[in-house]
Amino acid sequence: MQETPKIRSFIEEFIAQDIADGKVKGHVQTRFPPEPNGYLHIGHVKALYIDFSMAERFQGKCNLRFDDTNPTKENVEFVDAIQDDIRWMGFQWDKLAYGSEYFEQTYAIAEDFIRKGLAYVDEQSQEEMRKTRGTLTKPGVNSPYRDRPVEENLDLFRRMRAGEFENGRMVLRAKIDMASPNIVLRDPTLYRILHIPHHQTGDKWCIYPMYDFAHPIQDMIEGVTHSLCSLEYEIHRPLYDWVRDHCDLPAHPRQIEFARLNLTHTVLSKRYLRRLVEEGYVSGWDDPRMPTLVGLRRRGYTPASIHDFLQRAGFAKSDSVVDIRLLEHCIREDLGENAKRAMAVLDPLAVTLSNWPEDKTILVDCENHPGHPEWGVRQLSLSKHLLIEREDFQEDPPKKFFRLAPGREVRLKSAYIIRCDQVIKDENGQVKELLCSVDLNSLSGQEGANRKVKGTLHWVDAATALPAELRLYDYMFPEMPGAAQEAETEEDGSEEEAEVKRDFLENFNHDSIRLYPNALLESSLGQAKVGDRFQFMRQGYYVKDRDSTADKAVFNCTVSLKDSYKP
Ligand code: ATP
Ligand code: MG
């Protein structure tokens, strides 16, 4: 378990008050309830944080419960991945449960609601139900099936379960109030027919409860005292309370909402991320541009940097959009301290040392981290043929260009000072090689080598350099400063939402990957394993990617060296 975060949130105050009022019998119990219809994103970590830290704060417990009441989009791949991600973030759940474990009990409660006159089977079509629901200003209209006798309702509901009817033929609805100002309370659907096998219960069920009915029941069965969720559930709270108060279960959970985490330049809701994956905008859930935990991990983010980010982003009650540069700032700080230094040339330009013998190779010491002398040095080979960054040379540079140019001097990192004497071009006039002379008395660290020059360049030795592909990323949504995603619960999914979805894809940045397929790495990086992180000097922080092969390494740029963000 992570250290208890320093949250002093309104949620903590509510819970403390409930304890003081004697409303909490036994321990504080929370749960994290993901729907296994996708991978976790960084927004979920906020929810995880709140669920786990509130339990810990009050010496309580937090369960992981899969909210798996809609088999159409759910599967075991997601169930497994979600558990991996939660462990990776360092959280440990108490009980692991599936909402589907409680289907039998949930069904029994539904029958009980029918017997109490609180629910009825409606045979109106989806279309009719939508039309008779009314609007914000117009009350809904009662269904013609609303007052059918209890016996008939029970019979139909049992036949629904027995599989007599096709999908959509009828639903079980709560009998609340078609004129309620809160549309959620206008006889919401409690059960629908879905002839679809379920990843946990197989073919056992062909009717499935809706979230709004199942969730409070699951909370009560597990003895949840505080059901913490994001703000889109706030208008559903009266329904949560209605279900709870009509169940004959002893528990009395309280729903408390908090703001969703939104980040600039990305989307933080599974249903949006899912479309990016399914429609091929990204290579998968773990595409390094994705704000999913698998994406962030592949991008090089550490759990510690994500925890740090959430602490700093805070836990306000109202919705807000956090600058994604704060997240970048957190990983930059982490890697600045913890990543080893190495040299990589993204776009190589050949340098030949004219006064260096063809067959002479020396080893130079290069420190692994300037702030950690105890991490030691690695030895890099240096011979007559080297490569530097093409960008580090200009034929006709401005005055303040402290890199290489004809007649100018630079130091090669941890090695010698060189001077560019001659520029060789190919038939198209492109610079293809620089002839440079070495000041043989200038080796870094050597006695007497205290001559200083303004610029220091990274480089690799042609004889030992390793080929690599480096991948740099830009934002998926550069035009999106705010929350283009209005979070919705599944039940709220509407045409307006579909509209938002279309819009968000139009803004996708198709130029969000830049490849350097001919990059070269210093030879020590041959030891790197997938997931190892480095600072490529003067370039940025990089992590070795799983697309690497024996012949060619692939590295993702996690974040640049420069910070444009002032926290
Ligand atoms: P979907 O789009 O499928 O509804 P989701 O991103 O809302 O996906 P859920 O599985 O519905 O994810 O959410 C699981 C839990 O995480 C819920 O308690 C929800 O309130 C919380 N949660 C989801 N997204 C965020 C977010 N961006 N910020 C904070 N909490 C979130
Ligand atoms: Mg959701």
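Ligands are counted one by one from 1 in listed order, and the atoms in each one are counted from 1 as well. Counting begins at 1 with the first residue of the sequence.
- The two atoms that bring D67 and P33 nearest to each other are CB-O, 3.6 Å, heavy atoms only.
- Looking at ligand 1, you won't find any N or O of K46 less than 3.5 Å from one of its N or O atoms.
- Not counting sequence neighbours, the partners of E111 by the salt bridge (charged side-chain N to carboxylate O under 4.0 Å, His left out) test are R115, R158.
- For the pair W242 and H246, the tightest heavy-atom approach, listed with the atom from each and the gap, is O-ND1, 2.8 Å.
- Because its NZ or CZ atom is not both nearer than 6.0 Å to the ring centre of Y542 and within 45° of the ring axis, R533 does not count as a cation-pi partner of that residue.
- For R65 and F32, the positive end is not near the middle of the six-membered ring at less than 6.0 Å and at most 45° from its axis.
- Set against the non-hydrogen atoms of A47, the atoms of ligand 1 under 4.0 Å away are 16 (O), 21 (C), 30 (N).
- Polar contact check, R31 against ligand 1: no nitrogen or oxygen pair lies under 3.5 Å apart.
- For the pair P33 and ligand 1, the shortest N or O to N or O distance does not fall below 3.5 Å.
- Nearest-heavy-atom check against atom 7 (O) of ligand 1 across E35, R260, K270, H215 picks out R260.
- Listed by atom number, the atoms of ligand 1 under 4.0 Å from P34 heavy atoms are 10 (O), 14 (C).
- At a 4.0 Å heavy-atom cut-off, ligand 1 touches N37 through the side chain alone.
- Ligand 1 lies within reach of H41, whose nearest heavy atom is under 4.0 Å from it.
- Separation of the H41 and Y39 ring centroids does not fall under the 6.0 Å cut-off.
- Each of the atoms 27 (N) of ligand 1 lies under 4.0 Å from some heavy atom of L268.
- In F258, the part holding a heavy atom less than 4.0 Å from any atom of ligand 1 is the side chain.
- Shown here are the ring-ring contact (aromatic ring centres under 6.0 Å, His included) partners of H199, two or more places apart in sequence or in another chain: there are none.
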